[in-house]
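Ligands are counted one by one from 1 in listed order, and the atoms in each one are counted from 1 as well. Remember, predicted model here, so these are calculated numbers, not experimental data.
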Amino acid sequence: MPEAPELGSLQLAWLEELGLDRRLLSRYTVRTETAPAQETPKQAGSPEAAHIPGVAAGDAASSAPAADSASTRDGVAAARGLLRSLLGKKDAAPLPLPAVPEDRPSAKTTEAAPEPGTLDALRHAVLHCQACALHQDRGTGVFGEGNTQSPAWLVIGEAPGTMDDRVGAPFQGRSGELLRAMLKAAGADASADVFFTNVVKCRPIANRPPVAEEVAQCGLHLRSQVALLQPGRILALGRVAAAALTGQDADLESLRGKVWQYECVSGRRIPVIATYHPGWLLTHPYHKAGAWQDLRLARDLGKD
Ligand code: SF4
């Protein structure tokens with residue numbers, strides 16, 4: 001029988017803070033550790049706070065007899081206190097679960113179906129959709145949000161991210177902040193002039209790009225959404241969205257710098273500009289100048 005692996009008390013506290021099941025953690029032996037005295041609190045989010053001591057993978061390889069002594073409990077309490085001081089009081093509490101959108105599907109839901117042919121009906125259909133395998137792992141479908149009355153801008157990304165999937169709204173987090181700042185620089189008020197959505201409405205696991213079948217299936221929702229929104233222009237973020245909106249199976253660079261036309265089901269042609277996804281710009285900031293050129297091209301549409 002292999003001996004049970006050992007966890008440092010700080011590791012245990014950290015894993016509990018992360019929400020790991022205590023029954024799972026009970027399989028590990030806890031090693032008491034002494035918390036450093038007078039540790040200077042670090043700001044949450046700083047490099048120091050991000051590196052939690054005692055979580056190195058090699059630590060768990062050693063073993064020791066199981067123990068549930070008072071000293072172990074003291075060690076855990078000390079470690080938890082240290083952890084809270086490292087993270088700062090505000091962030092030490094367990095992360096609250098995000099609010100569940102009111103129209104999230106539920107077995108107990110008995111709400112009346114919205115009027116057919118409306119955005120509400122389409123939202124309802126998306127949130128209950130099981131047309132592709134992505135529904136199996138989603139937290140919630142992400143329909144989109146923003147101005148629904150012929151917005152000047154319809155901004156379309158690739159797929160919801162992890163935070164979007166929890167909150168039920170697109171472009172959460174740092175990439176969303178960057179996107180809104182870029183739009184503001186182009187004269188678009190994100191809260192008044194824009195509707196935000198994605199090509200596929202359910203998050204692919206591990207944030208992988210959606211595959212062609214998923215894009216094709218969810219593209220039916222997108223087509224209805226564009227027809228109902230009737231935006232002034234479409235900004236396609238990243239290669240997947242650019243290819244889907246222009247109908248071109250090409251790389252993003254060859255799709256940028258041009259005004260494409262998206263033909264709506266009504267026959268109306270809506271201009272499309274392709275640019276970088278803000279998530280890409282966060283890791284490749286040298287493309288921001290190119291993104292700014294794209295946004296100016298989109299901003300100036302219809303000025304002539
Ligand atoms: Fe339906 Fe789109 Fe979700 Fe697939 S990704 S289940 S097509 S809403």
Side-chain angles (χ1 to χ4, degrees), residues 97-146 148 151 154-173 175-176 179 194-231 234-249 262-265 270 272 274 277-280:
L97 287 173
V100 176
E102 286 181 2
D103 47 3
R104 180 172 178 166
S106 161
K108 297 176 183 171
T109 299
T110 56
E111 76 269 30
E115 192 178 334
T118 63
L119 269 178
D120 281 345
L122 183 60
R123 181 193 301 274
H124 186 271
V126 163
L127 297 183
H128 292 76
C129 179
Q130 298 185 359
C132 82
L134 289 181
H135 82 275
Q136 294 169 356
D137 297 307
R138 72 184 169 205
T140 186
V142 180
F143 179 71
E145 67 176 12
T148 58
L154 173 57
V155 176
I156 303 178
E158 175 176 299
T162 303
M163 206 181 300
D164 308 351
D165 173 76
R166 289 183 189 151
V167 175
F171 298 108
Q172 301 296 300
S175 66
L179 174 60
V194 188
F195 191 91
F196 299 91
T197 190
N198 286 294
V199 173
V200 300
K201 313 302 188 194
C202 302
R203 175 185 64 106
I205 284 292
N207 291 338
R208 65 161 172 79
V211 298
E213 293 78 15
E214 294 158 353
V215 170
Q217 191 63 55
C218 214
L220 301 176
H221 293 313
L222 182 64
R223 191 151 178 77
S224 301
Q225 199 171 26
V226 175
L228 290 163
L229 286 167
Q230 289 296 314
I234 295 173
L235 188 66
L237 304 176
R239 201 204 73 83
V240 169
L245 272 300
T246 62
Q248 305 292 313
D249 184 15
Y262 176 92
E263 188 166 327
C264 196
V265 290
I270 303 171
V272 176
H277 193 284
W280 172 266

query: What distance separates Ile156 CD1 from Ile234 CD1, expressed to the nearest 0.5 Å?
result: 5.0 Å

- prompt: How long is the gap from CD1 on Ile205 to CG on Asp137, to the nearest 0.5 Å?
  reply: 4.0 Å

Contact atoms of ligand 1, heavy-atom distance to Gln217 under 4.0 Å: 7 (S)

- request: Report, in ascending order of atom number, the atoms of ligand 1 lying under 4.0 Å from any heavy atom of His135.
  value: 6 (S)

message: What verdict does the side-chain contact (heavy atoms from CB on, under 4.5 Å) test give for Leu134 and Arg138, after you've listed the backbone C-alpha separation in whole Å, the side-chain angles of each residue and the deciding distance to 0.1 Å?
response: CA-CA 7 Å; Leu134 289 181; Arg138 72 184 169 205; over 6 Å; no

message: Starting from atom 2 (Fe) of ligand 1, what is the nearest protein heavy atom, named by residue and atom, and what distance separates them?
response: Cys218 SG, 2.2 Å

- prompt: From Cys132, does some N, O or S atom reach closer than 2.8 Å to atom 2 (Fe) of ligand 1?
  reply: no

- prompt: Among protein heavy atoms, which lies nearest atom 3 (Fe) of ligand 1, and at what distance?
  reply: Cys202 SG, 2.3 Å

message: Do Pro210 and Val199 make a side-chain contact, defined as non-hydrogen atoms from C-beta onward lying under 4.5 Å apart?
response: no

query: Among protein heavy atoms, which sits nearest to atom 1 (Fe) of ligand 1, and what does the distance come to when rounded to 0.1 Å?
result: Cys129 SG, 2.2 Å

task: Could you tell me which atoms of ligand 1, counted from 1 in the order shown, lie closer than 4.0 angstrom to a heavy atom of His221?
output: 1 (Fe), 2 (Fe), 8 (S)

message: With heavy-atom distances below 4.5 Å as the criterion, would you say the side chains of Leu179 and Leu237 are in contact?
response: yes

- request: Decide yes or no for Gln225 and Leu122: does some side-chain heavy atom of the first lie under 4.5 Å from some side-chain heavy atom of the second?
  value: yes

